[in-house]
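What you see is a predicted model, and the numbers here were worked out from it, not measured in a lab. All chains are named by letter (A, B, ...) in the order of the sequence lines, taking the proteins before the strands, and each is independently numbered beginning at 1.
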Amino acid sequence: MQLEKDEITMNYNFREIEAKWQKYWAENETFKAFNNSEKPKYYALSMFPYPSGAGLHVGHPLGYIATDIYARYKKHKGFNVLHPMGYDSFGLPAEQYAIQTGQHPAITTEANIKRYREQLDQLGFSFDWSREVRTSNPSYYKWTQWVFIQLFNSWYNKTSDKAEGISDLIALFEKDGNTTVHAICDDDAPIFSAEDWNGFSDRTKQEILLKYRLTYLADTEVNWCPALGTVLANDEIVNGVSERGGHPVIRKKMTQWSMRITAYAQRLLDGLDTIDWPQPLKDSQTNWIGRSEGASVIFKVIHNSDAERSRSDRNVISTSLSHHHQIEVFTTRPDTIFGVSFMTLAPEHELVSKITTQEQKEAVNAYVEATAKRSERDRMADVKTISGVFTGAYAEHPFTKEPVPIWIGDYVLASYGTGAVMAVPCGDQRDYDFAKHYDIAIPNIFEGVDISKEAFADKATTVIANSDFLNGLSYKKAVKAAIYELEKLGQGEGKINYRLRDAVFSRQRYWGEPFPVYYVDGMPQMIADEHLPLELPEVEKYLPTETGEPPLGNATDWAWNSIENKVVSNEKIDNTTIFPLELNTMPGWAGSSQYFNRYMDSKNDKAIYSKEAIEYWEDVDLYIGGSEHATGHLLYSRFWQKFLFDMGIAPKDEFAKKLINQGMITGTSAFVYRLAGTNSYLSNGLIESEEVDSIHVDVSLISASDELDIEALKEWQPEFSDAEFILEDGKYIVGREIEKMSKRWFNVVNPDAICEEYGADSLRLYEMFLGPLEQSKPWNTAGITGVHSFLKKLWRLYHTGPNGEFYVTDSPPLEGQGEALKSLHKTIKKVEEDIKNFSFNTSVSTFMICVNELTSQKCSSKAILESLAILVSPYAPHIAEELWEKLGHKESIAEAPFPKFQEKYVVESSKEYPISFNGKMRFTMKLPLDMGKDEIEAAVMGHEKTQAQLQGRTPKKVIVVPGKIVNIVG
RNA sequence: GCUCGAGUGGUGGAAUUGGUAGACACGUUGGACUUAAAAUCCAAUGGCCAUUGUGGCCGUGCGGGUUCAAGUCCCGCCUCGAGUACCA
């Protein structure tokens with residue numbers, strides 16, 4: 001009995017150790033960060049999770065572990081480290097669950113968070129939980145609403161190139177009208193003088209101001225998803241269907257809140273140069289913003305009076321110009337303007353109905369209707385099919401004054417540029433194809449180029465011809481000349497166009513932040529700060545109302561009784577007026593767009609965060625998360641941060657200096673193969689040419705050698721209970737395929753079972769060991785025994801007493817420990833380099849080598865073993881703490897300084913030998929340092945022999961000058 | 001189509017940035033301990049050939065090139081992955 005007990009205390013008992021230290025860290029607040037400190041600050045952040053019902057799977061912790069290692073390392077290096085965690089707890093799944101079950105999303109969310117917290121706790125992260133945020137907590141979304149109000153009260157001044165208060169804009173209007181104001185605003189903002197402005201009614205003023213605000217209400221064409229009953233932002237649509245659920249999306253006009261992110265397009269682009277983010281992510285943001293330089297050109301529509309006014313002589317094309325209709329196009333090739341042989345409008349273009357001639361009306365209407373019916377997805381699916389129709393109208397070429405036929409075609413997108421193009425078939429393949437298809441002229445304006453087969457689009461070798469004043473010019477010069485002439489005519493100018501659209505901010509959902517908005521006579525008003533937050537009301541149903549209003553419309557008392565809800569500042573309250581509230585809620589990205597700043601002072605109730613807090617922490621030093629947020633969260637957050645910077649609320653205009661995308665951990669799905677139309681299942685090796693259906697089965701039913709536990713499968717789902725299994729070699733072998741980890745593929749692996757069997761330290765090490773952090777890789781539990789046995793060896797290194805008890809010697813490290821010191825310092829150097837490069841996978845190998853070396857050297861030096869424990873502690877913190885305590889320390893190992901690398905203990909293993917040829921220095925050879933004189937001579941001689949053979953001469957003699965130089969003579 | 005990234009043993013992956021390719025781990029094989037299993041430990045493990053000599057040849061997707069020296073640099077292809085998609 002006695003023996004057994006001793007064995008337990010002497011062996012590596014990870015369950016006991018991990019529970020003990022997790023409790024210790026929580027009780028002692030070991031990882032609490034302070035908002036003022038003598039130490040330098042370091043802010044390490046992982047993207048906070050959405051707490052889904054499925055709990056954490058092994059893919060989630062990958063990024064958290066990496067951030068944790070770095071945070072713990074920085075703490076060892078003497079930094080005051082902020083390493084917080086929270087929950088992005090508003091979201092669609094909880095709402096859909098509520099629709100199905102009637103369960104309030106707050107309740108499911110709370111339960112999911114509790115589960116997440118348990119799972120996170122068992123992995124031993126160094127989070128400062130005192131700063132936790134939850135985006136669905138009123139105390140948090142109060143500040144999301146507050147930022148919204150700041151955006152509403154701001155406009156973008158192009159002159160100072162930053163956002164400014166709306167009251168400054170009003171002052172400018174009162175003084176000079178808007179003729180001198182250079183602002184980013186809606187295109188349809190009217191032009192007015194100071195007198196006009198001062199004479200406008202209050203309502204007109206509000207309407208005008210709305211066109212300038214950074215968040216504004218407007219009729220916009222939106223992506224409407226009928227199945228979800230809500231609008232979606234562009235980044236929430238993948239391949240023409242909704243990202244969540246995969247439902248079809250159509251375009252529809254609705255009154256929606258939008259964010260004027262386009263005001264920041266250029267700064268969002270420029271800012272990328274100042275931050276250390278992965279190139280692919282920068283590329284995708286650059287792409288998304290889509291800057292292109294070119295020109296806008298105005299084509300006047302030739303007024304066909306007959307077509308519009310009388311049917312009698314409709315065949316006559318009048319050359320009188322209608323100044324009401326002009327088509328603005330954007331082009332990146334103004335140099336090809338003399339190659340224009342037609343124009344194309346998007347079917348949705350507003351001029352289509354106005355310019356179409358009577359006789360083309362039928363065909364045009366039919367075409368417009370047909371395109372409207374096609375979903376976005378269909379339209380994308382067949383980009384090859386050329387379709388379009390002639391409007392019957394003509395525009396006047398700005399230079400030649402020739403009539404140019406105006407067509408409509410669905411290859412022109414309403415959402416890009418002006419929704420209209422000047423078609424230059426000789427220089428653009430799409431225009432070329434369209435012209436060929438409809439037999440439109442293809443004038444050639446390029447010197448010495450054959451365009452009989454395809455368009456010519458190579459800017460570098462372009463020489464313009466047949467183009468009046470552009471003849472003989474290169475691309476660059478012709479662009480300049482064309483723009484100059486267009487400007488002279490007043491029919492165009494140089495222009496930079498962005499693909500980026502303003503972001504729609506309204507969602508017809510329940511489980512999101514309510515807008516802090518009420519309406520007076522249909523005009524939006526902001527709720528007074530002192531009444532924030534405006535809390536989500538209870539509703540009986542989470543679906544849209546019968547009249548088609550968003551779910552909040554079900555909360556009638558709430559929506560109409562604004563006085564009881566204290567939404568209006570006290571002085572505005574009178575007992576007779578009723579102010580309706582905004583019924584939409586904010587999108588998922590609202591809550592995540594400034595949470596990183598809120599962590600700095602998350603319990604602050606008076607302000608979004610204190611000035612002291614943000615001036616101390618400034619920005620995130622290291623941000624780790626998935627690349628799927630490239631054009632969503634990560635772009636919106638940069639936008640909000642720049643806005644907060646303009647307002648003087650944030651000291652930095654980029655929120656994260658460095659960002660790393662951890663790769664996805666994919667699952668390895670398992671399949672059984674049912675013979676078509678039967679209840680028999682074939683083992684993987686027997687399929688051959690049989691017709692089979694592949695069916696996913698739960699990966700927990702499969703052994704490491706891909707053998708299926710048939711009895712367990714029969715238990716698992718009743719459909720297999722009387723199935724027949726056809727075996728190979730007495731086994732049923734499943735098929736394997738790598739897929740995203742997902743509940744529906746039954747390939748999810750939870751960290752819980754692994755922690756139970758091997759411990760959190762093993763899981764942490766293994767996830768790092770799996771491969772480079774940024775690479776995606778399939779989960780495979782097979783190798784975990786390797787890192788687990790490393791931890792056991794590490795433990796044994798400290799337990800070399802006669803009965804396996806803890807044993808170290810106090811002798812000074814230098815005495816008889818030369819080799820051990822070399823091993824240690826090699827390890828310090830490598831591990832520190834690895835951490836700095838985020839190559840955590842290779843440092844796990846380094847630890848293994850180190851422990852093997854120290855074990856075979858029988859190292860028991862306390863000083864060396866102490867240093868080793870610190871090195872390991874960021875990776876495997878629990879075992880390191882336990883060893884640290886056994887080494888006699890009272891404080892947590894987290895406080896210990898990181899060991900310093902000392903060159904003197906690590907002697908170089910190879911050296912550059914200068915090789916001279918008859919005394920003349922020729923080149924160097926790197927050779928191992930432990931080579932003796934003869935070996936060096938042999939090595940150099942080998943090289944000389946091959947050289948001599950190549951050059952057809954006899955080899956010369958090699959002479960080694962000890963310690964210095966190798967000479968080849970002869 | 002365009003943009004980025006990657007191709008190294010049976011597998012995951014190393015390689016100090018041009019200097020002994022395959023570290024470390026998994027897997028496999030053989031051995032020790034054990035009544036047995038588990039656990040642990042030891043050895044072998046890129047391919048081919050030779051050999052009871054401790055040797056040789058070929059090898060980092062393919063074909064060229066630069067260099068004393070190339071997984072690494074240059075040119076031309078092939079394959080896979082990710083993102084994006086009629087962007088005028």
Side-chain angles (χ1 to χ4, degrees), chain A residues 11 238-240 278-288 290-292 294 297 329-333 336 343-344 346 379-380 382-386 409-413 415-424 427-431 433-434 457 497-500 627-628 630-631 661 663-664 704-705 765-766 769-772 774-790 792-793 796 826 829-830 833 839 841-850 852 908-913 915 917 922-928 931 939-940 942-944 946-947 950-951 968:
Chain A
N11 285 340
V238 178
N239 294 331
Q279 198 54 43
L281 195 147
K282 286 185 181 185
D283 288 345
S284 85
Q285 289 206 351
T286 305
N287 236 318
W288 192 260
R291 178 194 153 105
S292 33
V297 184
V329 301
F330 173 75
T331 176
T332 54
R333 297 295 303 272
T336 63
M343 300 186 71
T344 314
R379 237 169 114 168
M380 279 199 282
D382 60 58
V383 296
K384 294 278 181 288
T385 317
I386 293 162
D410 69 356
Y411 80 96
V412 175
L413 303 176
S415 57
Y416 182 76
T418 61
V421 300
M422 57 176 228
V424 182
D428 182 288
Q429 195 56 44
R430 290 156 306 168
D431 295 343
D433 295 341
F434 196 87
N497 192 54
Y498 298 93
R499 197 191 82 124
L500 186 71
S627 58
E628 65 272 20
T631 53
N661 291 130
M664 195 171 50
S705 53
L765 279 172
Y766 187 57
F769 183 71
L770 222 45
E774 306 195 34
Q775 193 174 303
S776 81
K777 52 231 160 195
W779 178 261
N780 171 11
T781 319
I784 200 164
T785 52
V787 291
H788 187 64
S789 70
F790 156 72
K792 287 196 262 188
K793 283 183 198 166
R796 243 177 289 133
K826 266 190 335 202
K829 189 178 183 200
K830 185 69 168 60
E833 272 168 12
S839 346
N841 54 328
T842 51
S843 32
V844 178
S845 301
T846 309
F847 288 136
M848 291 177 176
I849 296 166
C850 181
N852 282 341
E908 279 293 326
S909 63
S910 64
K911 186 187 166 184
E912 293 268 328
Y913 286 86
I915 312 287
F917 209 74
R922 274 297 170 83
F923 57 94
T924 61
M925 268 178 98
K926 200 167 186 182
L927 298 169
M931 271 190 172
V940 180
H943 157 246
E944 168 59 12
T946 50
Q947 269 306 289
L950 276 168
Q951 294 166 15
I968 302 171

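Within the 4.0 angstrom heavy-atom criterion, no nucleotide atom of any strand lies near A:N287. Using a 4.0 Å heavy-atom distance criterion, A:K826 is classed as making no nucleic acid contact. Among the heavy atoms of the strands, none lies under 4.0 Å from A:F790. Using a 4.0 Å heavy-atom distance criterion, A:N497 is classed as making no nucleic acid contact. Within 4.0 Å (heavy atoms only), A:P772 reaches sugar-phosphate atoms of the nucleic acid but no base atom.
Of the candidates B:A88, B:U40, B:A14, B:A14 carries the atom nearest the A:N841 side chain, counting heavy atoms from C-beta on. Side-chain proximity of A:K792 to the nucleotides B:G13, B:A39, B:C24 is greatest for B:A39. In the set B:C86, B:G83, B:A14, the nucleotide with an atom closest to the side chain of A:S284 is B:G83. Among the nucleotides B:C41, B:U84, B:A88, the one closest to any side-chain atom of A:R499 is B:U84. Side-chain proximity of A:N852 to the nucleotides B:C87, B:C86, B:A25 is greatest for B:A25. Set against B:U40, B:C24, B:A14, the side chain of A:I849 has B:C24 as its closest nucleotide. Taking only side-chain atoms of A:A782, from C-beta outward, the nucleotide of B:C4, B:A88, B:C26 with the closest atom is B:C26.
Rounded to whole Å, the distance from CZ on A:R430 to P on B:C2 is 14 Å. B:G13 atom C1' lies 8 Å from atom CZ of A:F769, rounded to whole Å. The distance between atom CD of A:Q775 and atom C1' of B:C80, rounded to the nearest whole Å, is 13 Å. Rounding to whole angstrom units, NE2 of residue A:H788 and P of B:C24 are separated by 21 Å. Residue A:R333 contributes atom CZ, which lies 15 Å from atom C1' of B:C87 at whole-angstrom precision. Taking atom CD1 of residue A:I386 and atom C1' of nucleotide B:C86, one finds them 11 Å apart after rounding to whole Å. Atom CG in A:L413 sits about 10 Å away from atom C1' in B:A85, given to the nearest Å. If you take NZ of A:K777 and P of B:G12, they are 13 Å apart, rounded to a whole angstrom.
Side chains of A:D431 and A:M422 form no contact here, defined as non-hydrogen atoms less than 4.5 Å apart.
Using modelled atom types, one side-chain atom of A:K777 and one backbone atom of A:P772 make a donor-acceptor pair closer than 3.5 Å. Of the possible polar contacts, none joining the A:N497 side chain to the A:S292 backbone as a donor-acceptor pair under 3.5 Å is found. Under a 3.5 Å cut-off, the side chain of A:T331 and the backbone N or O of A:R333 do form a donor-acceptor pair.
Checking A:D283 against A:A420, the closest nucleotide of RNA chain B that is more toward the 5' end is the one next to A:D283. Both A:M848 and A:P778 sit near RNA chain B, but only A:P778 has its closest nucleotide nearer the 5' end.
Atoms CD1 and CH2, from A:I784 and A:W779 in turn, are 5.5 Å apart once rounded to the nearest 0.5 Å. Distance OG1/A:T846 to NZ/A:K829: 12.0 Å, rounded to 0.5 Å. Between the OG atom of A:S789 and the CE atom of A:M848 there is a distance of 6.5 Å, given to the nearest 0.5 Å.
In this structure, B:G9 is classed as syn because its glycosidic torsion stays within 90° of zero.
Across all strands shown, B:G53 forms no Watson-Crick or G-U wobble pair with both distances under 3.5 Å. Pair assignment for B:U8 gives none, since no Watson-Crick or G-U wobble pairing has each distance under 3.5 Å. Across all strands shown, B:A15 forms no Watson-Crick or G-U wobble pair with both distances under 3.5 Å. B:G22: no Watson-Crick or G-U partner with both key distances under 3.5 Å is found in any strand. In this structure B:A36 sits in no base pair that meets the Watson-Crick or G-U test at under 3.5 Å. With both pairing distances under 3.5 Å, B:G46 is matched to B:C58 as a Watson-Crick or G-U wobble pair. Within the shown strands, B:A82 is the pairing partner of B:U3 under the Watson-Crick or G-U definition, both distances less than 3.5 Å.
Taking the P atom of each, B:U3 and B:A85 are spaced 16 Å apart, rounded to whole Å. Between B:G13 and B:G81, the distance separating the two P atoms is 15 Å to the nearest Å. Spacing of P atoms, B:G9 relative to B:G18, comes out at 23 Å, to the nearest Å. For B:U66 and B:G55, the C1' atoms lie 33 Å apart once the distance is rounded to whole Å. Taking the C1' atoms as reference points, B:G22 lies 11 Å from B:G71, given to the whole Å. On the C1' atoms, B:G19 is 49 Å away from B:U34, given to the nearest whole Å. Taking atom P on both B:C2 and B:A15, the two are 33 Å apart, rounded to the nearest angstrom. Look at the C1' atom in both B:U67 and B:U84: the space between them is 40 Å, to the nearest Å.
The aromatic rings of A:F847 and A:F790 lie parallel to each other, their planes meeting at an angle below 30°, with 60° marking the opposite boundary.
Remark: A:S292 is in phosphate contact with B:A88, judged by side-chain N or O atoms under 4.0 Å from OP1 or OP2.
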